[in-house]
Number of protein chains: 2
Amino acid sequence: MARSQTTRKPTRIQREKTREILEAALDVFSDNGFRGSTIDMIAERAGVSKPNILYYFDNKEAIHKTLLAALLKTWLAPLYALDESGDPIEEICEYVAQKLKMAQEFPRESKLFANEILQGAPHVLPELQGELKELTQQKADVVSNWIKAGKIAQVDPRHLFFSIWATTQHYADFDIQVRAVSGDGKDPFETAGPFLDNMYRALLTPAT
Amino acid sequence: MARSQTTRKPTRIQREKTREILEAALDVFSDNGFRGSTIDMIAERAGVSKPNILYYFDNKEAIHKTLLAALLKTWLAPLYALDESGDPIEEICEYVAQKLKMAQEFPRESKLFANEILQGAPHVLPELQGELKELTQQKADVVSNWIKAGKIAQVDPRHLFFSIWATTQHYADFDIQVRAVSGDGKDPFETAGPFLDNMYRALLTPAT
DNA sequence: ACAATACTTGACCATATAGTCAAAAAATAT
DNA sequence: ATATTTTTTGACTATATGGTCAAGTATTGT
């Protein structure tokens, strides 16, 4: 019986194949988007037959959903880590650094997410309106408290987060453009770190 | 004979139909990406038959290319306008404001472009490596001169541009996420303007 | 060793979609 | 008015693709 219809504990083969298929699917989906990807591409990439893919997943969408669900957890982790009791500017700069590192280390995940949002978030809109909204609201309150306490300059907390998401993920999602413009110089990620760190310190350091 | 194979001066009907088709195609492509869009969708949106679409354009890709080519001109215009002889901070903030305004007024174009870049710029890579790279290099030199003259703070000019592109286009490309997080409050675009203006002034104002 | 179960895949089906073609309809020129 | 040209589309073809199925192969339990 197909894994996807079973309730039993997964076998070793099931765990490994599932992981291999998801790995291949991440490659394919992040490069071609959901609609531009075919099960055959994923099958070839994973080195298995198409029916074998469909033995582990009910359909193409199920693979995509699984990837997005796993991604969301990792994606939000750095924001959860923003600590009200820490030093405000260091906390925010650390958040920026973490997000940039994730864009560097997980560009496929970043592109997968970007594709999903660009298409109107057909699979994760509920999560955006639920968990992400809650979390952002909560952390925006933290930033607001820091502002009230005069620890950082006055900025709109939500737009602060938007700008951090935009600037960090840009290096993964638009890497083709970044590289085209950068030419054969240094790795853009190397120089992006200091630039962003400097930018957010300038933005957040209170006027004396 | 099909318009696409003709060299004559286009008739009134040809001009109008072409425009109507491109308008419909922009809707469809920006919502669904290239691979997720069908000629039938464009035909329905434009209120004509599929063969009629293919009477004016050789194939689906030709429509897409036409849209991207038209887009690139508008897209780069604000950067061309960056004037070395103007007040540095005002020039850059004006550039930011113009880019944000374009994201607000032309979200479909922004999404079309984002989709194209995310998929690895299959149609516009030459333009990125040519015109965009040249222009960016040239304007980066302008910014460098301003820095050398002590008129603005020391920042990496290229990353400055990346951050401007990222933060402004984010409001168009990720609008679903922005709106999900923002809830039913004010229009995000309204408050984004002042936020970004403030951010770039903080970043660029030289330390006294 | 043997049976039962889990895994794998070639061949196939149904549907979607890019693109063609010939003939009708509309517009234009004379 | 009539001929010519341009525009429009229903019907069609070829191919790609999501998904099924039955039969074969490997693995596991006894």
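Below, chains carry the letters A, B, ... as their sequence lines are ordered, and counting in each starts from 1.
Atom C1' of nucleotide C:dA25 and atom NZ of B:Lys17 are separated by 12 Å, given to the nearest angstrom. In this structure, A:Glu16 places its CD atom 13 Å from C1' of D:dT27, rounding to the nearest Å. Rounded to an integer number of Å, the gap from A:Ile53 CD1 to D:dT17 C1' is 14 Å. Distance A:Tyr55 OH to D:dG24 P: 18 Å, rounded to the nearest Å. When the C1' atom of D:dT7 is taken as reference, atom CG of B:Asn52 falls 7 Å away, rounded to whole Å. One atom, CZ of A:Arg15, and another, P of D:dT27, lie 16 Å apart when rounded to the nearest Å. Taking atom CZ of residue A:Phe57 and atom P of nucleotide D:dT20, one finds them 15 Å apart after rounding to whole Å. When the P atom of C:dC12 is taken as reference, atom CD1 of A:Ile39 falls 20 Å away, rounded to whole Å.
Within the nucleic acid shown, B:Asn59 comes within 4.0 Å of sugar-phosphate atoms alone, with no base atom in reach, counting heavy atoms only. Within 4.0 Å (heavy atoms only), A:Lys50 reaches at least one base atom of the nucleic acid.
Relative orientation of the B:Phe113 and B:Trp75 rings is tilted, given thresholds of 30° and 60° on the angle between their planes.
Nearest nucleotide to the A:Lys60 side chain, out of D:dT8, D:dG18, D:dT20: D:dG18. Side chain of A:Leu54, nearest nucleotide from D:dT7, D:dG19, D:dT17: D:dG19.
Salt bridge annotation for B:Lys73-B:Glu131: absent, with no cationic side-chain nitrogen under 4.0 angstrom from a carboxylate oxygen. Between A:Lys65 and A:Glu116, none of the side-chain N atoms (NZ, or NE/NH1/NH2) sits under 4.0 Å from a carboxylate O, so this pair counts as no salt bridge.
Between A:Met41 and A:Pro51, the one whose closest nucleotide on DNA chain D sits nearer the 5' end is A:Met41.
Ring centroids of A:His159 and B:Tyr171 are separated by less than 6.0 Å, placing the two rings close together.
Of the side-chain N and O atoms in A:Gln14, none sit less than 4.0 angstrom from OP1 or OP2 of C:dA6. The phosphate of C:dT17 (OP1 or OP2) has a side-chain N or O of A:Arg35 nearer than 4.0 angstrom.
Atom CD of A:Glu16 has more than 12 heavy atoms from other residues, nucleotides or ligands within 6.0 Å.
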